[in-house]
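One structure below.
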Amino acid sequence: MFASLLIANRGEIACRIARTARRLAIRTIAVYSAADAGALHVESCDEAWPIGGADPSESYLNIARIIGAAQQAGAEAIHPGYGFLSENAAFAEACASAGIVFVGPPADAIRAMGSKSAAKVLLEKKGVPLVPGYHGDKQDLNTFAAEAERVGYPVLIKASAGGGGKGMRIVERAADLAAAIAGAKREASKGFADDRLLIEKYLDRPRHIEVQVFADGQGNVVTLFERDCSIQRRHQKVLEEAPAPGMTSDRRHAMGEAAIKVSRAIGYRGAGTVEFIMDRGGTFYFMEMNTRLQVEHPVTEMITGQDLVEWQLRVAAGERLPSAQDQLAITGHAIEVRLYAEDPRSGFLPMTGRIGHFRLPAAGRHVRIDAGVRAGDAIGIHYDPMIAKLIVWDETRDRALRRLVRALNDVQIAGLATNRDFLKALAEHPALAQGEVDTNFIDRHRETLLAQPLPIDNESLTIAALALLLRCEAAADAGAKSSADPHSPWATGRGWRLNDEGHHRVVFRDGETETGVMVHFWRLGHRVELPGATILAQGRLQSDGTLIAALSGHRLQAAVAFEPDAVTVFARGDARRLVVLDPLSLADADEGVDGRLAAPMPGRVVQVLVRPGERVEAGQPLVVLEAMKMEHTIKAPRSGTVATVNYGVGDQVEEGADLAELAEDE
Ligand code: ADP
Ligand code: ADP
Ligand code: MG
């Protein structure tokens with residue numbers, strides 16, 4: 001086994017590969033782009049090397065830079081992960097030329113499967129079943145039209161060099177073919193620098209079932225059984241499971257045999273996945289082979305008890321496969337979901353943003369978490385918006401699904417939109433529980449999977465109000481301790497009052513609905529008046545956002561995450577973001593125009609953004625004040641030069657205090 005490994009990837013897969021390498025006492029070397037200097041994968045390796053700009057072409061896709069880093073670091077081997085250079089034959093060759101072991105198949109095997117058309121030409125001769133279609137060299141419209149007619153509509157047009165669900169078009173009738181071909185060609189040459197296309201019969205409600213194969217350099221090939229990846233959106237997987245629901249041992253054997261035949265046909269070595277598409281009658285056809293570790297490999301690991309990355313490293317180091325076929329067996333059922341920063345309601349559009357509050361379920365025997373980010377990290381425009389993979393295991397599929405729902409309940413993310421609620425609706429869907437899996441599942445059940453959430457309940461509103469006030473009280477306590485004037489009305493500690501009447505009104509906006517909540521200070525806590533109900537609330541808010549509360553006797557644990565103008569409540573597996581419409585937050589509008597910048601309310605300075613002498617434009621943020629545990633930005637009322645800044649970060653200020661002064665422009 002080699003002593004050092006460079007991981008030419010980022011995110012969760014780089015972290016996951018590092019985990020196994022460290023367990024095998026291999027020195028781990030990360031590489032990172034300019035956008036990733038503070039990324040989790042950098043931290044999870046023994047050392048890390050910068051390889052260039054944020055754009056993948058300048059870093060993670062840049063062969064010369066990666067080989068250069070490997071040579072500098074003295075890496076004996078390179079693991080490419082998935083995506084990026086994992087299926088790039090030139091990269092495998094560049095590793096070999098540099099005397100570095102590429103943890104993956106031989107370059108020729110990558111090349112053989114790189115074109116879906118060429119792979120089909122080869123496998124057709126070997127008797128591997130193919131979806132009826134056309135995968136020839138002729139690429140003119142007449143040929144495509146004649147072939148589509150022969151195959152029969154609807155047909156699916158694919159880019160030969162395609163991947164990741166991109167570059168595919170469904171064509172329902174002959175009249176639409178020409179436009180679809182033109183569009184697919186454009187997309188293919190842009191996305192894959194190769195505009196060759198192929199045609200397949202478009203199957204109705206098929207299933208995507210793939211077989212994990214493994215081959216060593218001594219001629220041994222085994223399968224680690226199948227995964228069902230039929231639950232897809234935009235032809236991309238979101239939920240994968242193993243074994244496939246309803247799989248019979250005969251069919252498993254037949255698919256395994258076909259997968260091994262494919263693998264042998266190209267002299268494969270290492271981990272590979274042979275993807276099949278299965279029609280409703282149970283007939284399966286070869287679709288493509290992915291010559292790398294698959295995103296969804298953890299479900300296979302959970303049911304076989306094997307570590308596929310360890311297998312990859314052993315095979316790459318020249319060892320035999322760790323197990324023979326008859327030593328491998330399936331135990332229980334595993335399901336993976338991909339947690340993405342995306343908005344399911346707007347066509348699963350990827351989202352970007354910074355993860356504020358971030359909590360994932362505790363890992364254990366039944367739950368595995370493969371994450372590549374942590375609280376405070378940003379999901380940016382340069383890379384895949386996947387946040388984490390959640391994998392559950394149990395003895396039966398039903399129990400695994402139940403575990404999945406529980407695990408998703410424990411996912412708390414605030415700060416950016418994710419597909420968590422969608423995944424939960426999926427995991428709870430009765431049709432999924434019945435094993436009704438096919439690639440049209442999400443489209444067919446769109447209504448229920450993307451249903452608008454129910455109106456917010458009173459307990460969640462109470463939690464939000466209670467948390468806000470507890471946060472204010474804590475701030476007031478802290479303020480009182482450091483206040484110069486212990487007799488200030490703001491320094492009354494526990495007896496903190498926002499106003500004389502001993503109550504406070506908060507208005508929350510949930511989507512379109514606004515709800516006013518009145519909170520009275522009560523001897524033992526707070527009395528919360530909601531539309532149609534009164535709840536006696538007691539609680540303790542921890543600094544990590546955990547709220548331990550009793551709401552009219554109902555004891556519960558929730559969590560809250562604050563943003564400057566909103567609070568997200570995580571309770572009973574639900575996440576609700578409420579915009580806080582507070583008269584105090586409007587104080588920003590009160591900045592003077594005479595050059596004095598007065599604090600709109602008592603608070604603490606958390607950021608000073610300018611220095612005396614600095615030129616500022618109207619509206620430019622100058623100082624950020626934290627009051628009521630919400631942030632208020634004090635902006636320049638006009639352009640000018642900063643004359644003085646009167647407070648520093650951490651200073652407590654009284655209402656009306658002059659925070660800074662602007663000099664008149666000459
Ligand atoms: P799979 O069949 O395993 O889902 P795909 O062929 O769909 O694999 O894509 C491979 C995986 O690699 C996808 O999950 C995709 O999100 C990821 N991927 C592809 N390109 C990139 C990239 N540039 N950066 C990060 N991840 C990528
Ligand atoms: P990619 O390289 O993008 O992964 P695939 O050929 O593996 O492309 O197909 C991706 C997905 O598209 C499949 O998982 C399946 O959902 C759908 N698909 C592919 N071929 C067909 C087909 N002939 N009929 C119906 N759906 C298909
Ligand atoms: Mg595929």
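These numbers come from a predicted model, not from an experiment. First listed ligand is number 1; within each ligand, the first listed atom is number 1.
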Backbone, side chain, both or neither: what part of T439 comes under 4.0 angstrom of ligand 2, heavy atoms only? side chain
Are D438 and R444 close enough for a salt bridge, meaning some N to O gap below 4.0 Å? yes
Any N/O of L203 closer than 3.5 Å to an N/O of ligand 2? yes
For K237, which part has a heavy atom under 4.0 Å from ligand 2: side chain, backbone, both, or neither? neither
Check ligand 2 against H208 and write out every atom of the ligand that is under 4.0 Å from a heavy-atom position of the residue. 13 (C), 14 (O)
Best match, M289, Q236, K201, M287: closest heavy atom to atom 19 (C) of ligand 2: M287
Which pairs with one or both residues in residues 124-134 pass side chain to side chain donor-acceptor pair (under 3.5 Å), sequence neighbours excluded? E124-H135
Measuring to the Mg ion (ligand 3), does E288 have an N/O/S atom at a distance below 2.8 Å? yes
L156 versus ligand 2: do any nitrogen or oxygen atoms come within less than 3.5 Å of each other? no
So if I count the atoms of ligand 2 from 1 in the order they appear, which ones are less than 4.0 Å from some heavy atom of G162? 2 (O)
Ring pair (Phe, Tyr, Trp, His ring centres under 6.0 Å) evaluation trace for F348 with F422: CA-CA 10 Å; F348 299 94; F422 170 78; 5.0 Å; yes
Non-hydrogen atoms of K116 versus ligand 2: any pair closer than 4.0 Å? yes
Any ion pair linking D228 and R207 (charged N to carboxylate O, less than 4.0 Å)? yes
Please collect all side chain to side chain donor-acceptor pair (under 3.5 Å) contacts where either partner lies in residues 52-65, sequence neighbours excluded, each pair once. D36-Y60, D55-S57
When you check the gap from the basic side-chain N to the acidic O, do R446 and D443 get nearer than 4.0 Å? yes
Need the ligand 2 atom indices (1-based, order shown) with element for anything under 4.0 Å from a heavy-atom of Q232. 11 (C), 13 (C), 14 (O), 15 (C), 16 (O)
For H235, the atoms of ligand 2 under 4.0 Å from one of its heavy atoms are 12 (O), 17 (C)
Can you find an N or O of E288 that's nearer than 3.5 Å to an N or O of ligand 2? yes
Whether H429 and H445 hold their rings parallel, tilted or perpendicular, with breakpoints at 30° and 60°: tilted
So, of the N/O/S atoms that E275 has, which is the nearest one to the Mg ion (ligand 3)? OE1
More than 12 heavy atoms of other residues, nucleotides or ligands under 6.0 Å from CZ of R406: yes or no? no
Looking at E210 and K237, is there a salt bridge between them, counting it only when a charged N and a carboxylate O are closer than 4.0 Å? yes
